[in-house]
Every structure is written in C-alpha cells, then in structure tokens.
Amino acid sequence: MSELLSNFVAGRWQAGTGAGTPLFDPVTGDELVRVDATGLDLPAAFAFARDTGGAALRSMTYGQRAELLVRIGTVLQAHRDAYYALSLANSGTVKNDTAVDVDGAMYTLAQYAKWGAALGERRFLLDGEAAKLSKEPLFQSQHVQVPTQGLALFINAFNFPAWGLWEKAAPALLSGVPVVVKPATATAWLTQRMVRDVVDAGILPPGALSIVCGSSVGLLDALQPFDVLSFTGSADTAALIRRHAAVAERSVRSNIEADSLNSALLLPGEAPGSEAFELLVKEVAREMTVKSGQKCTAIRRVLVPAELFGAVAEAVSARLARTTVGNPRHESVRMGALVSRAQKVAVLEGLAMLKTQAEVLHDGTHTGLVDADPERSCCVAPTLLGVRDADAAGLVHDHEVFGPISTLVAYRDLPHALALARRGQGSLVASLYGSDAGTLACTALALAASHGRVHVVSPDVAATHTGHGNVMPQSLHGGPGRAGGGEELGGLKALNFYHRRAALQAGSAVLGALG
Ligand code: NAP
C-alpha cells in the first residue's frame, strides 16, 4: 500500500485512522500516496490553533509577522525542485504550469512580506480619520481594524495546491490569524509537503499552521463565530457552505471563489493582422492550454465581431494545432494532463453538452498524445468551439467546462458584446483587446460592475502585460454573482478579511494614546 500522509493539527503530526483515499499520477494512473482525516479531534485542533497559535501570532507586530513570511519563502525556495517533482507526478503539469502554482505562491508571499514590513511596529490598523461626535472636537469616533481572535479555515480547490494555500495564508498570517488548510484531495500531496517543510523549519509558533488532508467532514461544524472561512471550489459546494450553520447561524465570515465564465473581447475595428487581433489570438490559445485550462480565470468565452469570426477561428486553431499534449516528462510536451479521472470525465461530459449548441472549430480530442495512453491518462487536448448566434445558445454563458475548452462567440456591436460578457452573471475577469485608448477605457468601466478584474491589452503593453489569467497579488481576485462574490488579494486590503472593524468612541486624549 502507498504511504499514508499525516495531518498536522494541535501541534503534532497525526495519521487518520481510516484506510485512506489514494492520490494518483494522472498521466500513468499509478497510485502515489493516500490521505485520511478519520478520527481527528477537530474541535480540539481548532481550539489549539485559536488559543495557542492565534495568541502567539497576535503578540507580534506586523513587521515581525512579515519576517515570518520571508522565512517561509526561503524554506519553500530551498525545496522548489521537490515541489516541481510532486506537481509533475500528482497534477500532471509541465514546468511552465508548475511555475504558475509554485513560483506564483512564492511571489505572493514575498509581496505580502514587503507590504507587511512597511507596517512595521504596529499591532492594529487605523481605519480612516477620526470624526467628531460632539460640537467640540473633544469626543470622537475612530475606526480601527484588529486581528480577529479566531482561525482562518481554507477549503481549497485541486488546481492550485501551492498558490491556493499561500495566497490566502500570506495575508492571514500577516494579520496575526492562524491557518488551517484543507486542500482538495486529488492534489493534496504538494500542499501537505509544503506545510511539512515549513513545520520542520520551526519558523511559525505552534498552532499557527495546520493541515487536514482528506474528507471535509466535521470541519465546518468546528468553526466558531470569530473564525473566518475561505472557500475555493465549485458553486455546488459553495451553496452547501453558505447554508451551513457556521455561516448561516454563527456568522462565520466567509469568502467564496467559485465558477466563472470569463471572457476575452476583441473590440470592433481590429482587422486580422492588427496588433490587437494578434494579441487576442495569442492570449486565447495560451489561456486554453496553461494548466490544461484548469484555471478559475481561464478564458471560456471569446467575444469577437461577427465579421471576424472565421479569421479568429482560423488563427486560434493554428496555434492550438501546434500544442503538443501528453506526458509532461517528455521534452516536446507543452500541455500535460487534467488532474484526475473525475475531471477528465467532467470535462468530456461538459464538452459534449456545449457541443449540442456549438460547432467544433478545432477538435483536439483526436490529436495524438505524446508518451501517454489515451485511455489510462487524463490528458485531453484543447478544443475550440464556436457559436454564431450567441443569443440563442445559452449553455456557453452558463456552463463552465474546467479544461482546455473555449467557445468563440460572435457579436453584432459593442453593446451586444457587453451584454454577452454580462451573461456570465458575474465573472472573475474579462480581458479587452483594442488599440483605441478611449474605447478601451469606456469598455473597461462598463464591465467593472460585473467583473472582479478587467485586463486591458493594448499594443503599448503587449510586451509587459501580466496575462489575462494570472492572478497578481496587487490586484483584486474574486468576482460578483456566480463567481462567488469573494474578494481576495489586491494588496493590503486583503487583510480586512482577517480583521474586525470596530469604532472606538472616546476623547481625543484616549484616541491619542492608542499609538
Ligand atoms: P469542489 O468539489 O467544490 O471542491 C473544492 C473543495 O471543497 C475541496 O477541497 C473539496 O474537498 C471540498 N469539499 C467538497 N465537498 C465539501 C463539503 N460538503 N463541505 C466542505 N468542503 C467540501 O470543487 P472542485 O470541483 O474540486 O473544484 C473545481 C472548481 O473550483 C471549478 O468549478 C472552478 O471554477 C472552481 N475554482 C475557482 C477558483 C476561484 O478562485 N474562483 C479557483 C479554482 C477553482 P475534496 O477534494 O476532498 O472533495
């Protein structure tokens, strides 16, 4: 039997008492390790995190906690090769895809360390200016933000086992809030290994970082009012979480990142061969293939003027045809596997569903795989679909297929394109491609209310823009409506989630003594 990975809770490594759930190599199908959380005393584990970890973290300044993030980054950097090997084995990723996850995690930690260092000796945050409450300015109201006195539970998705932990843990730990992470089972190995390395390095106080691998049973029941919960995953699980008593009755603050029908929009008037046209084509092909399309931010809908439908289809298809798919251990392979058999089944079913309303513009499913068995492996080559009558075909705006699948959608004019983008009912990101700064600015503002991020690609930023799907810690990550309504990252504003805001009403002498 394969190795059973341990959980780290209540300050010690504890193995589950069940048989365990196996994790697989999605290319070869080999069993790798098992995870199990049966028998853990979660209420006691959570109490230890709150009382021991939380108290120790809160006794430090923001500057001292920023230093902890620096040291975590150093440990992760030292083990980077091992993480690349684990990601290849358990997530089936090529090196470039692993970099998005692993190096993205380290970059985000480093950014928060830098921002935290600038907060220096502080132990709480002032929130705005004091406002006078009486005629004389003596009695005033000053809002403050103080670290919540609970824990942060992260229930994460399978697609970012490294970044998904650290993009949340960086602002939580910097805020002085202990972390309990429950990675998605399919790819939990990398998360568990990172936690193990950080625990072994003895950087964090006991109780500051815990990991539960395996079933989520009992996790939400153990939450208390001052805890916070950050969930990334499907809309169905998100709905269950919203209804759970911890959230519905105990007011546990929750942040939800769920499905998203992100779009890319080529503005009118950008002919084939123009820079904006070429930038869109390049970005669509890249977004479809990076991490085999398993990015919450990936472009699912490509909105183009009806008269350019054929030209875009041809150009994107030409790029996709050059993508070699298969075993990421092979030098020539540019795109690896989906993370699991369950995902392969879900993607192929979703593709079949979309095909009932769309034509196939580039069929990846018949492409030969390099060094991978089409039956045994979870490799799925990219497919570009097309919809010429966007108003009639509803599925493309409603059904997220979490793989290398995008749909080209024709629009009549810009108002029509905006209406189609909004049919995603709230998305993480839309990207715009054009050359007229005024039109791009108006379009970006018009989409801001229904998107967490609008990524504008004009020829002047062709070489420097950070990519439609790349989540940068400087920018908000989240989206309204069906994207979950969550907000993560976006600089120090992310700390608000881990703080409680309170108004202090007092005389100016007392407020002056706050420090
Ligand atoms: P999922 O089934 O909802 O799983 C997500 C996490 O929730 C996993 O850790 C899972 O554990 C756990 N979970 C499952 N059932 C639960 C329950 N009843 N109570 C508490 N936790 C539970 O989602 P998925 O299918 O693995 O993830 C893919 C989805 O995530 C995609 O639809 C994608 O849109 C979304 N996603 C969104 C973002 C974003 O930032 N917006 C990022 C990445 C992915 P197990 O793995 O043990 O079942």
Side-chain angles (χ1 to χ4, degrees), residues 5 7 16 20-23 34-38 42 90-91 100-101 104 153-165 167-168 180-189 191-192 211-223 229-247 252 254-262 291-298 300 338-340 342-347 349-350 398-403 405 424 426-429 451-453 469-471 475-489:
L5 299 181
N7 307 285
T21 305
L23 274 56
R34 287 170 300 130
V35 293
D36 185 55
T38 315
L42 292 175
N90 189 199
S91 292
V100 182
D101 191 25
L153 172 63
F154 303 152
I155 299 183
N156 282 354
F158 59 76
N159 57 343
F160 281 104
W163 177 83
L165 165 60
E167 61 108 6
K168 296 178 191 210
V180 179
V181 61
K182 184 266 182 268
T185 296
T187 58
W189 197 9
T191 317
Q192 198 265 5
I211 182 165
V212 175
C213 300
S215 162
S216 57
V217 170
L219 285 172
L220 297 176
D221 299 330
L223 289 175
L229 166 64
S230 182
F231 169 79
T232 302
S234 65
D236 290 346
T237 312
L240 289 178
I241 285 177
R242 283 201 177 91
R243 286 198 294 270
H244 191 277
V247 176
V252 167
S254 61
N255 189 81
I256 292 190
E257 306 283 354
D259 309 1
S260 181
L261 276 305
N262 314 294
K291 286 184 73 70
S292 301
Q294 299 168 107
K295 278 194 355 267
C296 49
T297 50
R300 306 292 176 204
L338 298 172
V339 298
S340 65
Q343 279 310 299
K344 181 178 176 181
V345 169
V347 164
E349 281 177 2
D398 280 340
H399 189 74
E400 180 197 50
V401 180
F402 209 63
I405 319 290
S427 305
L428 295 172
V429 52
H451 293 76
R453 179 162 63 84
N470 280 347
V471 177
S475 299
L476 172 77
H477 176 55
R482 72 172 291 154
E487 288 196 5
E488 290 179 345
L489 301 172

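Read the numbers this way: they start at 1 and go in the same order the structure lists the ligands and their atoms. What you are looking at is a predicted structure, and each value in this text was computed from that prediction instead of being measured.
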Considering only N or O atoms, set out every pair between ligand 1 and the protein closer than 3.5 Å, with distances to one decimal place.
| unit_1 | atom_1 | unit_2 | atom_2 | d |
| --- | --- | --- | --- | --- |
| ligand 1 | 3 (O) | Ser234 | N | 2.9 |
| ligand 1 | 3 (O) | Ser234 | OG | 2.7 |
| ligand 1 | 3 (O) | Thr237 | OG1 | 2.6 |
| ligand 1 | 9 (O) | Asn156 | O | 2.7 |
| ligand 1 | 11 (O) | Lys182 | NZ | 3.2 |
| ligand 1 | 21 (N) | Ser216 | OG | 3.4 |
| ligand 1 | 23 (O) | Ser234 | N | 3.2 |
| ligand 1 | 30 (O) | Gly233 | O | 3.3 |
| ligand 1 | 32 (O) | Asp259 | OD1 | 3.1 |
| ligand 1 | 32 (O) | Glu400 | OE1 | 2.9 |
| ligand 1 | 34 (O) | Glu400 | OE1 | 2.9 |
| ligand 1 | 34 (O) | Glu400 | OE2 | 3.0 |
| ligand 1 | 40 (O) | His477 | NE2 | 2.9 |
| ligand 1 | 41 (N) | Ala258 | O | 3.1 |
| ligand 1 | 46 (O) | Thr185 | N | 2.9 |
| ligand 1 | 47 (O) | Lys182 | NZ | 2.9 |
| ligand 1 | 47 (O) | Thr185 | OG1 | 2.5 |

Closer than 3.5 angstrom, by distance alone: can the side chain of Ser260 be matched with the main-chain N or O of Leu428 as a donor-acceptor pair? yes
Assess, by modelled atom type and distance only, whether the side chains of Lys168 and Asn255 contain a donor and an acceptor separated by less than 3.5 Å. no
Kindly determine whether Lys295 and Val471 satisfy side-chain contact (heavy atoms from CB on, under 4.5 Å), including the steps that lead there. CA-CA 10 Å; Lys295 278 194 355 267; Val471 177; over 6 Å; no
Do Asp221 and His244 pair up side chain to side chain, a donor and an acceptor below 3.5 Å, judged on atom types alone? yes
Is the backbone N or O of Ala184 less than 3.5 Å from a side-chain atom of Asn156, with the two atoms forming a donor-acceptor pair by type? no
Check: Asp236/Ser234 side-chain N/O donor and acceptor closer than 3.5 Å: no
